Each structure stands twice: as C-alpha cells, then as structure tokens.
Amino acid sequence: MSKAPLTLEQLSGVDHLLSDEERLVQHAVRRFVRERFLPGAGVRFEEERFPVEMVPEIAALGLLGASLTGYGCAGMSAVSYGLALSELEYGDSGLRSFVSVQGSLAMYPIWRYGSDAQKERWLPGMARGELIGCFGLTEPDAGSDPGAMKTRARRDGDDYVLTGTKMWITNAPFAHVAVVWAKVDDGGPESIKGFVIERGAKGFETPTVKGKMSLRASETGEIVLDGCRVPKANVLDGATGLGGPLSCLTQARFGISFAVLGAAKASWEAAAAYAQNRVAFGKPIAAKQLIQERLVDMAQEIAKGEIMAMHFARLKDQSKLSPAQVSLCKRNNCKIAIEVCREARAILGGNGILLDYPAIRHALNLESVVTYEGTHEVHTLILGKALTGHDAF
Amino acid sequence: MKILVPLKRVADPDNANKIKIPAGGATIDTTGLEWKPNPFDEYALEAALRLTENGATPKTRGGEVIVVTFGPKECETTLRAALATGADRAIRVDAKDDELDGSIVAKALRAIVDKEKPDAVVMGKQAVDGDSNQIGQMLAQHLGWPQATFAATIEEEDGALLVGREVDGGVITLRVKLPALVTVDLRIVAPTSVYSKQTKRDFKYNDGVRFAALPAIMAAKKKPLAELKLAELVSDTALKVQYSRFEAPPSRKAGIKVKDVAELVTRLKNEAKVI
Ligand SMILES: Cc1cc2nc3c(=O)[nH]c(=O)nc-3n(C[C@H](O)[C@H](O)[C@H](O)COP(=O)(O)OP(=O)(O)OC[C@H]3O[C@@H](n4cnc5c(N)ncnc54)[C@H](O)[C@@H]3O)c2cc1C
Ligand SMILES: Cc1cc2nc3c(=O)[nH]c(=O)nc-3n(C[C@H](O)[C@H](O)[C@H](O)COP(=O)(O)OP(=O)(O)OC[C@H]3O[C@@H](n4cnc5c(N)ncnc54)[C@H](O)[C@@H]3O)c2cc1C
C-alpha cells in the first residue's frame, strides 16, 4: 500500500460543501456517538434495550426537536439535522429512531398543529427530554394503508373517548405522551384527528413488543386504548384527515433518508478495515479484485446517496422539497444502505455474524427502516403515481 | 472571574504525513492540510469554562471567558467552535502565519491583557505543531504575573488559584495570586481536576472536553467576535525567530516479517547489531 487509502468522506467530497456551523454540528454528534454510545452498542442490541439513562445527555446535546424553532429547540437547518441523524445512525438505528420519533413524529405535530397553550404545555419538556413522546398511527391491520385504521374517537360532551389498538409504536413503552391518530365518530379517513394522550389516562396501556430481531436497541410497543377519555384541550385542532399524520411522516422520512447513510458508512468502514488486515490465499483480501469490486460498488452507492441527500436537504432549506423527492431519497438510500450493510457483513466472513462488528447489527436494524416510514414498495407506488399519473396502490 | 484563553489552530496531527516541503526547504507548504484546534488549547478552554460556572448548572455563566487567536480569516472557524463550546466572546488578531513567532504573539497577548484586564490567562502548555512551549512563560514575564505551568488541577480560592502540577514522583501544589497565568496539561480535563468557588467539591465532570450543544452551535454565530490588527498591538513586528531551513524526516524503510525467534535473533545480531 503506497498512500493512505481514500476515506468515504474524501470520495464524495460532500464535506467541502458544509458551512462551519454544519461541520460543528456533525463533529459534536460524532464525538458524542463514538465516545458515549458506541462502546456499549453491541451489548444493548443483545439485551434488547434502549439506553433510557442516556436521554438526559441526548437532550443536553440539543438533539430533541432539533429542526424545530422556539420552545428550547435548536432550530437547525435541514442539512445540519440530516448530518446529526446520520451520525446517530452510525451508532445505532435504535438511537436515531428514538430521536426521529421524539422530534419529527411527536414534537412536530404539536408544534405544527397544536395551539399555543398546547405547545407551551408539552414542547419545552419534550426538548429537555423530561417528556418522551411517541406517535401512534399504525394498527395491527392497517400499516401501509393508514386510512383503513379502526381506532375511533367518539365525542362525549367536550371530551373524546378513544377505542382501538396501535401497533409497532416506537418509544411507546416508556413514553409520557402519545400522539394518537383516530377517526372521529363514524367518519372516514377525512375525519382523522390527532390526540395527545398523557400517561396515566385511564384505558391507556402500552405493552412492549418483545422478540424483535431488528432495532433491538429501541423500545417498541402497542398502544391499547380501551374507552380512553381525552379532554378537548388535548386535541390537535390544526390537522384534519390523513394529511396531518402524513406531513409528520414526510418530516421523518427526510431525516431517515439522510440517517441511513450513517449505518452504511459504519459497515463499509468496518469491512474496508477488515479487508486490509485479513489475509487469504497469501494476500490481504483488500488486494483481491472481487473484494475491491464490492468495496467500490458500496462506496459508489454511499457517495451517490450522500450527494442526493445533501441536494435534497438544501432544497428543503429553501422550502422547495416535494414529498415525491422525499420518497425518492428514502427509497434509494434505505435500499442501498441495507445492501451495503449485508455486503459488509459478507466481507467480514464468519466474523461478520458477530456483534463484535457493526455490520450485522446495522443490516438487521435496516430491515425495520426499510419497512417503517413507508415501505420500499409504498414509495415505489408514490413515485409511480407521481411519474405516470396512475394510482396503482 | 474573567479569563482570557489564547487558541491556536494546528495542522491535524493525524494527517501530519501530508505536510510537503518545497524544494529548497525555505517554507512548509500548508495547502490541503486539515486544521484542528490545538488540543492543549481545547483543554485550557474547558478549564476556563469550569472556572467560570457551577459545574451542576453549567448553563448559567459565572464569569467570562474570552478566546483569542492569531491568523487569517479562516481561523474564525476555531473561534466559532470555542464560542459554541461555551466561550462568551472572541477576538481574532488578523495576521498571516509567517508574520508570527512566539515572541510577537506573547507581546500582542500582553497588549490584549492590558486592554481586557482579565483575572487570569489560562492556556495550553504548548501547541502540538511547533512544540515550542514558551508563550505562556514569556507572557507571564511581560505581565509580571505569577505563573503555574503544566497544570493538572486548578482550584479557585479567594483571590488566588491553587494549581497542582504533576512531576516525577508526586504533585507540586502552587498557590498563585490573581491575576495569574496558568498553562495546562492534558490531565486538566479529568472529572475532578478543576473547581470554581461555586462548584461543590463532590461534583464530577464528564471526562474530557465538553460537547458543544446544538443550540449553542446555532447561537455561536450571534456571539461577539472582534477583529484587531497586529500592528495595533505590537510596535516592533520584526520576527525574532527565523527558520533557516525545513527538512522532512528521512523516510523509514519498510519493515520485514521474520519466520521465527531464531531468525529474529540472527538479524538483531548481524544486521541491526543491537545484541
Ligand atoms: C421497528 C418498527 C417501529 C415502528 N414504529 C412505528 C411508530 O412509531 N409509529 C407508527 O405509527 N408505526 C410504526 N411502525 C409501523 C410501520 O410504519 C409499518 O410497519 C409500515 O407502515 C408497514 O405496515 P405493515 O407492517 O402493516 O405492513 P403492510 O402494510 O401489511 O405491508 C406488507 C407488505 O405489503 C406491501 N404492500 C402494502 N401495500 C401494497 C400495495 N398496494 N402494493 C404492493 N405491495 C404492498 C408492503 O410493502 C409490505 O412489503 C414501526 C414498524 C417497525 C417495524
Ligand atoms: C455459524 C457458522 C458455523 C460454522 N461452522 C463451521 C464448522 O462446523 N466447521 C468449520 O470448519 N468451519 C465452520 N464455519 C467457518 C466457515 O466455513 C468460514 O466462516 C468460511 O469458510 C469463510 O471463512 P472466513 O470466515 O475465515 O472468511 P474469509 O475466508 O476470511 O473471507 C472473508 C471474505 O473474503 C472473501 N474472499 C476470500 N478469499 C478471496 C479471494 N481469493 N478473492 C476474493 N474474495 C475472497 C470471502 O468470500 C469473504 O467475503 C462456520 C462459520 C459460521 C459463520
């Protein structure tokens, strides 16, 4: 080996496009993840445990609701926010999912659709990490098609009474507040409204989903609503119909499409370093054509994904990003990220199946990320409809 | 307490092998180098922040930390990072790198101290590029202030700092009356190394330099950053230190792998001639 090998960062050159501020954000989160989170990442995955004890530190760093303004939020640009999420996902998708859900799915609907009183009531505590939020849209029988949800909110005087079950809800088991979407009275999808339910409400239970083989360092639960009474003051009046929850998903999906590059980079770096040292047939495998082709293909997809994410983030900062573009970026980057992680796992040989190396953990995590926030197929259909005009759902 | 912390950006020591020396060896070619804050200066900033807060409530400042650097406009990156980490304001003395040497910087710092009147100057013991280890000592001399170098611990007292210096076989503790100058060593960022008067003695910091919080990074661009001209601070700008020639260290020959201990011993004896 003559010169020090090129890094992924040098290959894409995206670093040169960053402002000082964006670079500072990236470095602050990078240091946090590498010094504080990564040392125990494998163990937490194995133990199927989200590190709740780290929430105060995550909040102190200003990561919660970081793309929102006011109420103690950092008010970061889309680029900075994307870079921060990517560094978190470099650690583990469970860590990043916690931050995405708190910011984009729980705080965002309150920030966007809530009254001033509701914002004052919940957002500062959520930014400080004292109140954890979750987002209940999916149900056992309605995932890709949320309009088919069965959860009902029946008006009773000034209150609403909610009945139904939400499934696959990130952070639900330890959340203090849940933003739950439900159809009102006998209405259809157009009647959907958002309700903020506080822990302690009668008829509100959040059993944990155990035995996940993916996103194990993230708590996932159900939300079981059994005649749960929600006062009028907890209704997010600014949103009606599916547009409300879908707008939250657009926020989260953008973040995810940036974030997953972190998992891909971590896996690529592990595989590339391993290939330098692993000798087979008398030479480091990094000196074999087949390994080089794989590393090159992976690096190429990461660079393309990064350039796309950066481009769309800049558009988002100019309020010019469309939902179809978010779908394109989520669809592409999740797909290439999971492929990179699987390939990295394979380059690590037998060692690749161990949690001592990050690739298998990231590959398994991304199984969830490919599915949530719109499955790969759902984004294909969104784009197919946008490009042809025909609804093929 | 009001503290002045000088900061220097240095070429990233992890990429030191990228330094190029053009033929003739009159200069160093710095193009393409990545810059980082000098690590000892980051430790000095951390120590200064700890001295101007109650460790348990770091968001409330209990004093002022002013950071100062010398160099071209790009050096403001280093200052912004320091402001994001918690410094209250910043000064950049505009100068080209080749207009500076330790003597000029020490004299210019003296002029800044005369203007700002801090209670203490806390600085890194040396910059990891030139490893000169002299500006702190020169500055203390110019100011006529007591100095404590290579600090591993600092405790604030009424009108003084109690400074622990690790030396062979133990710790020397010095009490320096304020105003004073302290240069810090890397142990200064350990969890129990620095205590302001407000910080309880059983409080423990996280090990190392604190993380810049994201809202603070956003707010850093609104913190004051003043620019001064070198000529406003020092009258005699002639360089005292003149470099005659730069030379890269001889490149090392590639190592070899030996089969077994016997071969190792033979080679050590016959080739390296060390046994
Ligand atoms: C770990 C994890 C965390 C999650 N966290 C949350 C959360 O916090 N809040 C929340 O509300 N939800 C959450 N979800 C749920 C997630 O959004 C759903 O799993 C996702 O929307 C897919 O729904 P589904 O699982 O019901 O699959 P289905 O919708 O049943 O889809 C099954 C398969 O059919 C495909 N498919 C669906 N429709 C079509 C079609 N028209 N044409 C062709 N193929 C189609 C899908 O692509 C998929 O491959 C989470 C999921 C996971 C795994
Ligand atoms: C769960 C499990 C059970 C196992 N059980 C047994 C068992 O019972 N008995 C047993 O003897 N072994 C067993 N193995 C070991 C298994 O056979 C090895 O893992 C396998 O042969 C690969 O070897 P490796 O892990 O050392 O990877 P390596 O050989 O180091 O390969 C690393 C990577 O380099 C690639 N590579 C290697 N050489 C080249 C080349 N010339 N050009 C291009 N690419 C190359 C590989 O395809 C791979 O992607 C088991 C492994 C696992 C994971």
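Everything quoted here is computed from the prediction, not taken from an experiment. Below, chains carry the letters A, B, ... as their sequence lines are ordered, and counting in each starts from 1.
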*A/R314 atom CZ, over 12 foreign heavy atoms within 6.0 Å*: yes
*Look up atom CD in A/E57 and atom CZ in B/F211, then write down how far apart they are to the nearest 0.5 Å.*
6.5 Å
*Between B/P215, B/A220, B/A219, which has the largest tally of heavy atom pairs under 4.5 Å with chain A?*
B/P215
*Salt bridge or not for A/E21 and B/R80, using N-O below 4.0 Å?*
no
*Mark yes when over 12 heavy atoms from residues, nucleotides or ligands other than B/E271 sit less than 6.0 Å from its CD; otherwise mark no.*
yes
*Tell me, do B/L214 and A/V29 make a side-chain contact under 4.5 Å, heavy atoms counted?*
yes
*Using a cut-off of 6.0 Å, state whether more than 12 heavy atoms not belonging to B/K229 lie near its atom NZ.*
yes
*Measure B/K59 against the heavy atoms of chain A and call it side chain, backbone, both or neither at under 4.5 Å.*
neither
*Are the side chain of A/R23 and the backbone of B/T77 linked by a donor-acceptor contact shorter than 3.5 Å?*
no
_Atom of A/A60, atom of B/A213 and distance for their closest heavy-atom approach_ = O-CB, 3.3 Å
*Can you say whether A/R36 sits under 4.5 Å from chain B via the side chain, the backbone, both, or neither, judging by heavy atoms?*
side chain
*Looking at CG of A/L24 and CD1 of B/I217, how far apart are the two atoms once the value is rounded to the nearest 0.5 Å?*
5.0 Å
_Does any backbone or side-chain atom of B/D207 lie under 4.5 Å from a heavy atom of chain A? Answer side chain, backbone, both or neither._
neither
